[in-house]
Protein chains: 2
Amino acid sequence: MPVPKTAVAKRDAEVTRKNILEAATIEFSEKGFAGARVDLIASRSGANKNMLYHYFGNKEALFTAVLENAYGGLRARQRAVKLGGLSPEDALHELGSATFDAFVEMPHLIRLLNSENLLNGVHAKQSDLINEMYDPLFAALSTVLEDGVKAGCFRPGIDPTNLYISMASLVYHYVSNHATLEIIVKRDLMSDENLRARKAHVLEMILRFCTSKSSLAS
Amino acid sequence: MPVPKTAVAKRDAEVTRKNILEAATIEFSEKGFAGARVDLIASRSGANKNMLYHYFGNKEALFTAVLENAYGGLRARQRAVKLGGLSPEDALHELGSATFDAFVEMPHLIRLLNSENLLNGVHAKQSDLINEMYDPLFAALSTVLEDGVKAGCFRPGIDPTNLYISMASLVYHYVSNHATLEIIVKRDLMSDENLRARKAHVLEMILRFCTSKSSLAS
DNA sequence: TGCATTTCTAACCAGTTAGTTGGATTGGTT
DNA sequence: AACCAATCCAACTAACTGGTTAGAAATGCA
């Protein structure tokens, strides 16, 4: 008879695994893959280095686990966005708003993704989870665009792929590169006030792009 | 009497320095700061490790030199853009187009900047060159926006800082994260065709943002 | 030519790194 | 109570890392 685990907090494989994963997330996102130190992850997790290798195999596999876990957090947030019943404009606004908030609140994911891109995406390519993660989102965005064209509020011919990349770019780059951007723009980009202004700017850019009907000169 | 150097290709301090800097640019941009190996830089430059330390001091100072050098390349490109005589719309288009092309053609700079941001911009902060590099560009962009408002083709109230960050974001993120983006969008983002489409998309987004006059719902 | 300086080289070093080993402790099962 | 697998730990290792040293060869100048 399977007795429910009473988790006396000592000698709990699941907790140990989770602790290692959390410590690894911090270390990898702060230092990147090459800069991260396995010894530090082990000691900060409260566990031993052998536990780390026992549960995850090696440094690369641990990084993949961290990446999938963090990416999963993003997916969970995006799934929570409900577009049903909204007008195409409101739906687009909602999607943009959720994307903005998600990246601002997950700077560690941004740093992990940067690390992964430095490695040309070798780990992400092997992950089925990541491969299929965005399919529902693109489907939803395509529907919103189509509905908007039918309703007459969006212009036709907008590529959902480029639109999504733009939505992500406008917040991702701002957060990811704020350290060097702050030097050249002389402004504290991550202050509440400037973040609010940035969000308004981004949403306006996305919505004006889809709604403006006039043809462009040049 | 200073005899003009005849550069017999052997025992030339300047050439050696340049070779080390180039090898370092490749190594740092491919592997990041922590992942880059000083031994590899030395051997690939054809010089000796002691030369590297003689000319640059240590790994960090070498990285700073690489970063400044690469950043300088971007500045040179931007300076070459002539906006005089163009209409505000054409000037904005030209600025956007030059920014797009510059980042697409300098992927190593993007990778170096990502590395630097992982380190929270410690090296860039200390560089006077980088600190002042963008001042002329922001001045030019502000003028273009003001002229456009006066001429009636741009709406008022656009923040030049956020607009420049957006211009950069829309291409930077696309290039920087193409490895992981390609996985989720299932498309070869760096093909000539898709790059052309991306550029058109970005320029349209920037121009529509500045020119569209209608107020936005919500 | 003689001599100091610059450019260069190879071998070396101390500290660090990812990953391993062998064994101790614990908790559930019978 | 006795066993066994799962969980945990400290100490170890072989390879690698950024950085140094001592001295050789080329160069410029008197």
Side-chain angles (χ1 to χ4, degrees), chain A residues 1-28 30-67 115 119 122-123, chain B residues 1-28 30-67 115 119 122-123:
Chain A
M1 213 170 291
V3 178
K5 271 187 187 162
T6 40
V8 203
K10 251 218 152 184
R11 212 178 175 76
D12 186 324
E14 235 167 284
V15 167
T16 301
R17 219 192 108 99
K18 205 195 80 195
N19 287 343
I20 292 171
L21 200 66
E22 276 172 12
T25 302
I26 295 172
E27 177 73 0
F28 279 128
E30 278 179 357
K31 317 240 187 93
F33 178 77
R37 298 296 162 231
V38 175
D39 281 44
L40 238 59
I41 294 171
S43 67
R44 288 206 189 133
S45 73
N48 187 272
K49 206 154 56 130
N50 191 22
M51 288 290 87
L52 187 156
Y53 282 98
H54 181 246
Y55 288 129
F56 295 97
N58 58 29
K59 194 184 178 183
E60 284 211 35
L62 177 58
F63 183 79
T64 303
V66 164
L67 190 66
S115 242
L119 302 167
V122 276
H123 307 97
Chain B
M1 210 170 293
V3 178
K5 272 186 188 164
T6 41
V8 204
K10 252 217 151 183
R11 208 178 177 79
D12 188 323
E14 235 166 283
V15 167
T16 302
R17 219 191 108 100
K18 204 196 81 195
N19 287 343
I20 293 171
L21 200 65
E22 276 172 12
T25 302
I26 295 171
E27 176 74 1
F28 279 128
E30 278 179 355
K31 319 243 189 92
F33 178 77
R37 297 296 161 231
V38 175
D39 282 43
L40 236 59
I41 294 171
S43 67
R44 286 203 191 137
S45 73
N48 187 274
K49 206 155 56 132
N50 191 23
M51 289 288 88
L52 187 156
Y53 282 98
H54 180 247
Y55 288 127
F56 296 97
N58 57 31
K59 194 184 180 184
E60 283 211 36
L62 177 59
F63 182 80
T64 303
V66 165
L67 190 65
S115 242
L119 302 166
V122 277
H123 307 98

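All values below were derived from every heavy atom in this structure, side-chain atoms included, with hydrogens, water molecules and symmetry-related copies excluded. First the proteins, then the strands, lettered A, B, ... as listed; each starts at 1.
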Rounding to a whole Å, what distance do you find between [X]:[atom1] and [N]:[atom2]?
| X | N | atom1 | atom2 | answer |
| --- | --- | --- | --- | --- |
| B:Leu52 | D:dT17 | CG | P | 15 Å |
| A:Arg17 | D:dC8 | CZ | C1' | 17 Å |
| B:Asp39 | D:dA15 | CG | P | 16 Å |
| A:Glu14 | D:dA6 | CD | C1' | 14 Å |
| A:Tyr53 | D:dA10 | OH | P | 17 Å |

Problem set entry | Counterpart residues, side chain to side chain donor-acceptor pair (under 3.5 Å), relative to A:Glu30 (two or more places apart) |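 Side chain to side chain donor-acceptor pair (under 3.5 Å) list for A:Glu30, sorted by chain: empty.
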
May I ask you to test the [X]-[Y] pair for a side-chain heavy-atom distance under 4.5 Å?
| X | Y | answer |
| --- | --- | --- |
| A:Ile41 | A:Leu62 | yes |
| B:Leu21 | B:Phe56 | yes |
| B:Lys18 | B:Tyr55 | no |

Exercise. For C:dT7, does either OP1 or OP2 sit under 4.0 Å from a side-chain N or O belonging to B:Thr16?
Worked result: no

Exercise. Within the pair B:Tyr55 and C:dC8, is there a side-chain N or O less than 4.0 Å away from OP1 or OP2?
Worked result: yes

Exercise. Hey, can you pull the residues of residues 56-67 of chain A with a non-hydrogen atom under 4.0 angstrom from DNA chain C?
Worked result: A:Asn58, A:Lys59

Exercise. For B:Ala36, which contact category applies under a 4.0 Å heavy-atom criterion: base, sugar-phosphate, or nothing?
Worked result: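 B:Ala36: backbone/sugar contact only, no base atoms under 4.0 Å.
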
Kindly give the atom pairs (protein nitrogen or oxygen, nucleotide nitrogen or oxygen) under 3.5 Å for nucleotides 9-11 of chain C.
from: C:dT9; atom 1: O4; to: B:Asn50; atom 2: ND2; distance (Å): 2.5
from: C:dA10; atom 1: N7; to: B:Asn48; atom 2: ND2; distance (Å): 3.3

Exercise. Which atom pair, heavy atoms only, marks the closest approach of A:Ser115 to A:Gly32?
Worked result: OG-CA, 3.1 Å

Would you mind writing out the side-chain donor-acceptor pairs for residues 46-54 of chain B within the sub-3.5 Å range, not counting sequence neighbours?
from: B:Asn48; atom 1: OD1; to: B:Asn50; atom 2: N; distance (Å): 2.8
from: B:Lys49; atom 1: NZ; to: B:Asp39; atom 2: OD1; distance (Å): 3.2

Problem set entry | Spacing of OG belonging to B:Ser45 relative to CG belonging to B:Asn19, to within rounding of 0.5 Å | 6.5 Å

For this session: Fit a plane to each ring of A:Phe33 and A:His123, take the angle between them on a 0 to 90° scale, and name the class: parallel (under 30°), tilted (30 to 60°) or perpendicular (over 60°).
Result: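 Plane angle between 30° and 60°, so tilted.
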
Where do N or O atoms of nucleotides 14-16 of chain C meet protein N or O atoms at under 3.5 Å, pair by pair?
none

Problem set entry | All salt bridge (charged side-chain N to carboxylate O under 4.0 Å, His left out) counterparts of B:Arg44, not counting sequence neighbours | B:Glu27

